[in-house]
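These notes are about the structure you will find just below.
Chain identifiers are assigned alphabetically (A, B, ...) following the order of the sequence lines, protein sequences preceding nucleic acid strands; residue numbering begins at 1 within each chain.
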Number of protein chains: 2
Amino acid sequence: MNVLLVEDEPRVADFIDRGLRAENHGVTVASSGSEGVDLAKTGEFDVIVLDLMLPDMHGYEVCQKLRQEGDHTPILMLTAMDALEDKIKGLKVGADDYLTKPFDFDELLARIEALVRRSHHFAPQSHVLQVGDLVLDRELLEVRRGDDPIKLTAKELAILELLMSAPGRVFSRTRILNQVWGYSEDPLTNVVDVYIARLRRKIDTPGREPLLDTVRGHGYRLKAAG
Amino acid sequence: MNVLLVEDEPRVADFIDRGLRAENHGVTVASSGSEGVDLAKTGEFDVIVLDLMLPDMHGYEVCQKLRQEGDHTPILMLTAMDALEDKIKGLKVGADDYLTKPFDFDELLARIEALVRRSHHFAPQSHVLQVGDLVLDRELLEVRRGDDPIKLTAKELAILELLMSAPGRVFSRTRILNQVWGYSEDPLTNVVDVYIARLRRKIDTPGREPLLDTVRGHGYRLKAAG
DNA sequence: AATTGCCTGTCAGTTGCTTGTCAGGGATAA
DNA sequence: TTATCCCTGACAAGCAACTGACAGGCAATT
């Protein structure tokens with residue numbers, strides 16, 4: 001995931017930057033409002049984390065400007081104050097969520113991911129996912145590779161659904177544990193590895209082109225088309 | 001079932017989203033009225049859950065717009081106030097039901113399902129259902145597999161009718177209890193299992209291709225054609 | 001009233017699958 | 001080489017589903 005962080009305080013920026021990178025997210029930092037607006041225009045971000053107190057302009061303005069220009073990238077506001085009016089005003093000018101400093105990094109992460117997940121829902125979501133000749137029908141709870149039906153257990157299906165939701169993207173073990181098992185911290189287990197192996201045995205049967213890819217040191221992904 | 005959720009408050013949206021997905025419903029979220037109208041036009045939703053307080057326009061307008069355009073998808077309104085006038089006005093502009101915040105998720109689910117069930121009754125419905133060589137005549141209350149007539153009890157028939165109403169779709173025990181027994185919550189019984197077994201004994205007699213399928217962890221379904 | 005037959009729902013024993021842990025061996029990067 | 005990181009076969013515990021047996025209830029019949 002690609003995050004634009006608009007924050008002028010180096011300490012805070014650095015803290016968030018590191019944390020997000022550790023989760024395999026791409027981060028770009030802008031240290032002023034105008035820089036933030038310019039970068040946002042490139043349209044390559046999945047989410048914008050926006051501090052309200054900026055040197056050149058107020059966060060509200062950044063927010064407003066982007067929305068006026070038709071940019072619907074989800075925005076998470078960071079406010080140092082916890083005055084209700086700020087939050088309300090922020091939401092009015094087009095922010096999607098807010099977080100009050102000081103905040104817990106895990107909460108920031110959770111909100112960011114929730115925002116992105118939600119924004120992806122905007123695209124009316126087909127109940128059929130497809131990667132190469134691998135097809136997952138969420139409604140019928142059915143998986144096929146080419147014409148061959150594949151029987152998966154509940155956990156296997158959940159993992160595959162997660163991977164297929166963003167083909168080509170790398171999912172860390174932590175992330176998978178998070179989404180499929182609901183664990184918020186790493187319980188020092190290798191279940192994910194085990195389940196990936198089981199999925200491989202069912203999906204990447206010998207003779208087929210392997211789809212389930214290991215990215216050493218980072219996690220797993222499904223090969224994107226091509 | 002496919003639900004369009006028009007709700008701008010992220011927390012509420014997320015709450016409902018998760019809950020419905022847990023019930024295997026497809027959910028698409030719109031966070032503004034205009035977005036909701038656009039998505040509704042795709043016509044792929046069974047029901048619309050509509051918050052009244054939206055950033056760009058009032059829920060009434062959304063409702064009115066859709067009805068004027070001839071869209072009859074059932075609409076469930078969510079209102080933060082419990083003023084009677086709001087409800088009345090909502091129903092006047094074409095909503096089918098309302099629910100006052102804060103609400104119980106189970107109640108929301110029940111209403112949604114009730115709405116959909118009702119709207120499906122309007123769709124002209126054949127009195128003969130067929131899956132493979134299995135035929136159910138609702139008028140004559142007769143069931144045949146190929147040329148062999150099958151005698152079913154009332155409950156067996158009700159379950160079979162439910163399953164045949166959407167071949168290939170998975171019905172959870174809870175859903176079956178709901179539709180056939182009218183239970184609104186799980187009374188910790190295994191009647192459904194028992195009746196499925198009885199149905200199997202009558203329908204999937206040895207030598208025939210089994211039609212009644214168990215999806216472990218989810219429920220039961222009739223094999224779709226093919 | 002009593003009898004009979006069927007429908008219905010509960011229960012408990014069994015079976016088979018799913019799940020998560022672990023340890024040993026392979027693969028890969030430095 | 002060495003240190004990680006990853007893969008995978010084996011296994012035990014726990015569950016979910018299946019099914020035969022049974023008891024109560026209802027309705028038709030005697």
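As a whole-Å value, the separation of L199(A) CG from dT19(C) P is 11 Å. When rounded to the nearest whole Å, the span between CG of L157(A) and P of dC17(C) equals 19 Å. Atom NZ of K155(B) and atom C1' of dC6(C) are 14 Å apart (whole Å). W181(A) places its CH2 atom 10 Å from the P atom of dT21(C), with the value rounded to the nearest Å. Taking atom CG of residue L152(B) and atom P of nucleotide dC6(C), one finds them 15 Å apart after rounding to whole Å. Rounded to an integer number of Å, the gap from CD of E156(B) to C1' of dC6(C) is 11 Å. Here the P atom of nucleotide dT19(D) and the NZ atom of K202(B) are 15 Å apart, to the nearest Å. Computed from coordinates, the I176(B) CD1 to dT8(C) P distance equals 16 Å when rounded to whole Å.
The minimum heavy-atom distance between I203(B) and R208(B), with the atom names listed, is O-CD, 3.8 Å.
By the ring-ring contact (aromatic ring centres under 6.0 Å, His included) test, Y195(A) pairs with W181(A), sequence neighbours left out.
Residues R175(B) and S172(B) bring no donor and acceptor atom of their side chains to less than 3.5 Å of each other.
Checked for salt-bridge contact, D204(A) and K223(A) miss the test: no charged N lies under 4.0 Å from a carboxylate O.
Not one side-chain nitrogen or oxygen of T153(B) sits closer than 4.0 Å to the OP1 or OP2 atom of dC6(C).
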Q. Reading nucleotides 6-16 of chain D 5' to 3', which nucleotides get B (base under 4.0 Å from a protein heavy atom), which S (sugar-phosphate only), which -?
A. SSBS------B
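In this structure a side-chain-to-backbone donor-acceptor pair under 3.5 Å is missing from N190(B) to D193(B).
Residue E9(B) holds its CD atom at 10.0 Å from CG of L78(B), rounded to the nearest 0.5 Å.
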